[in-house]
Student: 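I'd like to ask you about the structure that follows.
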Amino acid sequence: MISLAGLNTPQQKAAAHVDGPILVLAGAGSGKTRTVTYRIANLIENHGVKGKEILGVTFTNKAAQEMRERVRTLLSRPKSRGLTLTTFHSLGVRILRKDIEAIGYHKDFSIYDSSDQISIVREALKNFHAEKSFDQKDVLSKIGFLKNHGVSCDEYANSQYFNDDDPYSHATEHVYRYYQDKLKFYNAIDFDDILFLTVKLFKDFPDVAKKYSQQYRYILIDEYQDTNPLQFSLIAGLTSTHQNLCVVGDDDQSIYGFRGADIRNILEFEKHYKNAVVVKLEENYRSSNPILTLANEVIAKNKNRMIKKLWSKSVETELPLLWACGHTEHEAQVICDEINHYQSDGKPLSEVAILYRSNTQASVIESELRLANIPYQMLGGQKLYDKKEIKDLIAYLSVIHNPHDEISLRRILNVPNRGIGNATLDKFLLHAKIQGTTLFEALRAASKTEPSKAELILQFMRLLDELKKIFSTATLPEGVALLLEKTDYYNFLEKMYDNPKQIQRRREDLNRFIEGAKRFQEYHGQYATLENFIERMLLQDNQDDEKGDENDVRRNEVTMMTLHSAKGLEFDVIYLVGVEEETLPHKKTIASGENIEEERRLCYVGITRAREKLVMTYCKQRKLYGKDVVRFRSRFLNDLIEQNLFIEQDRTTFGHLTKDEAKQYQKSFFNNLIDEIED
DNA sequence: GGTTATTATTTTTTT
DNA sequence: AATAATAACC
């Protein structure tokens with residue numbers, strides 16, 4: 001038996017709930033994950049539900065992993081076995097790998113990331129003849145928006161989103177169709193398709209939806225405030241045979257508007273699922289009182305929200321700090337100094353996190369941490385697979401797995417350089433078009449169509465054949481190593497870059513990739529297929545990575561990540577950096593004049609990650625596009641400056657010290673200087 | 001036809 | 001600062 005006695009009253013109500021829909025409105029730090037994991041344990045231990053009948057869906061793999069670990073501390077391993085705790089996208093891929101053939105795709109589809117997407121859009125825009133030129137990214141994000149709202153390219157022209165007077169609408173219409181046709185021809189799908197096609201599958205074949213709905217009798221959706229219309233439809237399909245749906249969320253933490261998240265999903269839950277039970281968790285167990293007060297006041301300025309106020313029994317401690325720093329390096333140095341002190345007090349770095357609005361802020365801090373010898377881990381950011389050499393490698397793997405993947409094939413055709421340039425490529429693209437075949441097949445037929453280039457091409461084709469053979473017998477890491485050898489990739493690196501440091505860095509990246517393949521192999525054994533590996537890579541699912549340390553202890557490292565990836569996590573000490581205008585709120589948001597509230601929620605999310613200590617920083621000067629720009633404190637804090645909810649210290653003038661301390665500091669500084677000169 | 005140099009342009013957030 | 005588009009050069 002699992003006892004729910006350790007939970008507070010509303011938590012107990014939520015955890016004890018078994019059948020029918022339930023909405024849990026869980027404020028930041030209100031013990032959401034605890035409640036949810038107890039509910040899962042309760043279903044299994046006390047109500048005879050089997051693990052495999054439970055599906056828990058989260059937004060990030062980090063959250064899924066966290067939940068998995070927490071459930072494991074409550075349940076014995078055999079009992080928790082079979083539980084499905086995963087992200088929307090992983091779930092979608094899993095379903096599509098099984099059933100996508102019903103809607104006319106092959107099972108071995110490739111998944112395209114944003115750079116693959118851009119190349120198709122670029123191509124589509126080239127053959128869309130208009131006087132005006134269109135921004136690739138704008139068009140691509142429009143297509144993403146449409147997909148996330150469930151609008152197919154056929155439906156677009158007649159949808160509410162199409163504006164006949166807007167040239168962008170016409171461009172988008174053309175590109176959307178071209179893009180979708182190409183993807184299908186390449187046997188590829190993009191991230192949004194993962195959900196879009198799953199929903200299409202469910203709509204066109206209700207029996208398939210029924211199958212999954214019956215399999216997953218109890219469904220849990222985390223961060224429900226961030227679901228978009230597509231995810232809503234997906235959930236509708238999964239609950240087509242029952243209403244055992246538990247959604248958990250907090251409207252104040254809705255931060256995925258750019259991905260089509262629709263706050264109405266949570267606000268109107270009771271309308272969509274009749275007789276839903278609603279539970280509110282408002283007691284905060286996480287943050288010290290001053291931090292919580294600041295958070296409450298920051299978010300109170302938003303107009304669009306369900307009014308609630310988090311409260312806590314925790315004691316008064318020191319006020320949050322706001323540091324005004326000189327420039328970005330200074331900001332990083334000051335933080336590193338402080339972390340060093342913290343560490344020499346014998347405290348664990350695993351309880352320290354540095355949060356920022358955008359990944360571009362990370363690199364300065366990262367190099368400063370490295371200089372200061374402070375161990376750290378960075379979540380998200382420039383991912384390994386985003387680097388050029390890794391993309392090349394993955395492109396090889398992808399072509400080996402799915403030869404129709406033209407984007408990848410084109411990427412590697414002349415990498416390393418083998419004398420097959422753009423002009424040759426264009427010729428073969430034309431042949432392919434005339435013959436109605438794929439580029440791959442057109443290349444195969446090179447001796448008939450382009451005898452002058454045939455030898456080069458066929459040599460390349462033989463290489464691919466050989467690699468395919470290798471991967472069918474060798475293990476994944478062996479295969480990758482052989483791939484690098486056979487393509488002579490290391491020599492290519494030497495030739496490409498003259499900076500030896502850069503060559504070294506790229507070599508290390510490749511080694512890291514091989515290491516990753518090894519871990520993947522060890523963790524998944526016979527299931528460590530090429531397909532699964534590439535998929536994991538793209539979906540950022542690193543569960544095998546983290547598996548390294550057997551005990552549940554977090555490594556003694558500072559964690560760096562964006563505010564978006566920090567949602568759902570908590571730390572003793574939080575450094576929230578760049579709390580300045582045009583960073584938080586972001587410049588783009590200010591310019592658009594919309595969604596400032598979402599930026600404020602982001603700020604709120606950041607503040608509420610902290611348990612004991614919160615330090616916010618901003619720079620008076622920041623380097624942008626190589627130039628120094630003057631910056632100012634964020635409006636989110638300006639609004640509250642009179643209320644004394646935090647202490648501002650100017651770190652450029654020793655403002656964090658008292659007058660006496662400052663004098664002392666200056667004295668010792670000069671003494672040191674004199675010593676140095678005398679030496 | 002293929003490779004390299006120059007210049008333009010850009011940086012939100014995630015799967 | 002880094003990348004993509006364009007121009008100039010083998």
Side-chain angles (χ1 to χ4, degrees), chain A residues 57-64 86-93 111-115 117-119 122 125-126 133 135-137 141 144 147-148 189-196 198 223 226 228 230-231 254-261 328 355-364 379-383 385-388 391 413-414 417-427 450 452-453 456 495-496 498 502 535-542 561-567 578 582-592 595 598-599 601-603 605-606 622-627:
Chain A
V57 184
T58 61
F59 274 76
T60 62
N61 287 297
K62 194 104 210 127
T86 186
T87 63
F88 272 106
H89 288 83
S90 299
L91 175 70
V93 170
I111 299 169
Y112 275 6
D113 71 357
S114 58
S115 67
Q117 294 179 289
I118 283 284
S119 6
R122 186 165 37 224
L125 278 173
K126 252 184 206 148
S133 70
D135 186 88
Q136 309 158 4
K137 282 204 179 126
S141 78
K147 285 187 178 177
N148 277 312
I189 70 176
D190 67 19
F191 277 117
D192 295 324
D193 276 341
I194 292 175
L195 302 182
F196 188 87
T198 308
E223 309 286 4
D226 282 328
N228 63 33
L230 207 48
Q231 287 155 335
S254 168
I255 54 176
Y256 281 94
F258 67 93
R259 215 166 63 178
T328 38
L355 309 182
Y356 34 82
R357 171 69 237 264
S358 76
N359 286 304
T360 47
Q361 291 167 260
S363 65
V364 184
L379 301 184
Q382 223 227 350
K383 296 128 204 157
Y385 84 82
D386 261 347
K387 309 199 175 187
K388 215 184 230 138
K391 295 216 76 160
L413 195 54
N414 203 26
N417 303 41
R418 50 173 72 87
I420 311 174
N422 270 326
T424 312
L425 170 64
D426 284 342
K427 276 185 190 159
E450 301 285 334
S452 63
K453 283 278 163 194
L456 282 174
K495 261 193 270 171
M496 271 305 272
D498 23 46
Q502 226 184 0
E535 191 176 296
R536 285 294 168 102
M537 199 85 188
L538 290 172
L539 293 178
Q540 307 241 49
D541 186 347
N542 301 322
M561 64 194 146
T562 63
L563 288 167
H564 282 86
S565 20
K567 194 164 60 154
E582 308 208 327
T583 299
L584 185 66
H586 192 271
K587 190 174 184 179
K588 277 251 161 94
T589 315
I590 298 173
S592 78
N595 273 328
E598 182 155 314
E599 296 286 310
R601 289 195 289 268
L602 221 30
C603 184
V605 166
R622 184 175 292 276
K623 217 175 221 142
L624 279 179
Y625 313 118
K627 270 207 187 111

Student: Whole angstroms only, please: what is the NZ-P distance between Lys391(A) and dA2(C)?
Tutor: 18 Å
Student: If only atom types and distance count, is the side chain of Asn61(A) paired as donor or acceptor with the main-chain N or O of Leu539(A) below 3.5 Å?
Tutor: yes
Student: Could you check how far CG of Asn228(A) sits from P of dT15(B), rounded to whole Å?
Tutor: 14 Å
Student: So Arg259(A) and Asp226(A), salt bridge (Lys or Arg N to Asp or Glu O under 4.0 Å) or not? Walk me through it.
Tutor: CA-CA 9 Å; Arg259(A) 215 166 63 178; Asp226(A) 282 328; over 6 Å; no
Student: Sticking with atom P, work out how far dT6(C) lies from dT11(B), rounded to a whole angstrom.
Tutor: 16 Å
Student: For salt bridge (Lys or Arg N to Asp or Glu O under 4.0 Å), just list the numbers for Glu599(A) and Arg357(A), CA-CA rounded to whole Å, side-chain angles, deciding distance to a tenth of an Å, and then say yes or no.
Tutor: CA-CA 9 Å; Glu599(A) 296 286 310; Arg357(A) 171 69 237 264; 2.6 Å; yes
Student: Do any N or O atoms from the side chain of Thr583(A) and from the backbone of His586(A) form a donor-acceptor pair under 3.5 angstrom?
Tutor: no
Student: Listed by chain and number, what are the side-chain hydrogen bond (donor to acceptor under 3.5 Å, both in side chains) partners of Gln136(A), not counting sequence neighbours?
Tutor: none
Student: Rounded off to whole Å, could you give me the CG-to-P distance for the Asn148(A) and dT14(B) pair?
Tutor: 15 Å
Student: Report yes if the side chains of Leu584(A) and Leu602(A) come closer than 4.5 Å at any heavy-atom pair, otherwise no.
Tutor: yes
Student: Between NZ of Lys62(A) and OG1 of Thr87(A), what distance do you get to the nearest 0.5 Å?
Tutor: 14.0 Å
Student: Can you check the His89(A) NE2 to dT15(B) P distance for me, whole Å?
Tutor: 9 Å
Student: Between Arg122(A) and dA4(C), is there a side-chain N or O to OP1/OP2 distance below 4.0 Å?
Tutor: no
Student: Which whole-number value in Å describes the distance from Asp426(A) CG to dG1(B) P?
Tutor: 9 Å
Student: Could you tell me whether the side chain of Glu598(A) and the main chain of Asn595(A) form a donor-acceptor pair under 3.5 Å?
Tutor: no
Student: Provide a list of protein-nucleic acid N or O atom pairs under 3.5 angstrom, restricted to nucleotides 6-10 of chain C.
Tutor:
none

Student: Within the structure shown, what part of the strands sits under 4.0 Å from Thr60(A) by heavy-atom distance: base, sugar-phosphate, or nothing?
Tutor: sugar-phosphate
Student: So, Arg418(A) side chain and Leu413(A) main chain: donor-acceptor pair closer than 3.5 Å or not?
Tutor: yes
Student: So what does Lys567(A) hit on the nucleic acid, given a heavy-atom distance under 4.0 Å: a base, only sugar-phosphate, or nothing?
Tutor: nothing
Student: CD of Glu598(A) versus C1' of dT13(B): gap in Å, rounded?
Tutor: 8 Å
Student: Rounded to whole Å, please give me the gap between CG in Leu602(A) and P in dT14(B).
Tutor: 10 Å
Student: Which residues satisfy the salt bridge (charged side-chain N to carboxylate O under 4.0 Å, His left out) test with Asp192(A), sequence neighbours excluded?
Tutor: none
Student: For His564(A) and Phe258(A), I'd like to know if the aromatic rings sit close, meaning centre-to-centre distance below 6.0 Å.
Tutor: yes
Student: For nucleotides 2-4 of chain B, give me every protein contact, N/O to N/O, under 3.5 Å, one pair per line with atom names.
Tutor:
from, atom 1, to, atom 2, distance (Å)
dG2(B), OP1, Gly421(A), N, 3.4
dG2(B), OP1, Thr424(A), OG1, 2.5
dG2(B), OP1, Lys453(A), NZ, 3.4
dG2(B), OP2, Ala423(A), N, 3.3
dT3(B), OP2, Asn414(A), ND2, 3.0

Student: Less than 4.0 angstrom between a side-chain N/O of Asn359(A) and OP1 or OP2 of dT14(B), yes or no?
Tutor: yes
Student: For nucleotides 6-11 of chain B, give me one character per nucleotide, 5' to 3': B if any protein heavy atom sits under 4.0 Å from the base, S if the only such contacts are to the sugar-phosphate, - if neither.
Tutor: ----BB
Student: Round to a whole Å and report the spacing from CD of Gln117(A) to C1' of dT14(B).
Tutor: 12 Å
Student: Taking only side-chain nitrogens and oxygens of Gln231(A), does any of them come within less than 4.0 Å of OP1 or OP2 of dT15(B)?
Tutor: no
Student: Please answer whether dT14(B) and Tyr256(A) are stacked, defined here as ring centres separated by less than 5.5 Å and planes angled under 30°.
Tutor: no
Student: Give one of base, sugar-phosphate or nothing for Gln361(A), where a contact means two heavy atoms less than 4.0 Å apart.
Tutor: nothing
Student: Holding to side-chain hydrogen bond (donor to acceptor under 3.5 Å, both in side chains), I want the full list of residues that pass it with Glu223(A), two or more places apart in sequence or in another chain.
Tutor: Lys32(A), Gln225(A), Lys567(A)
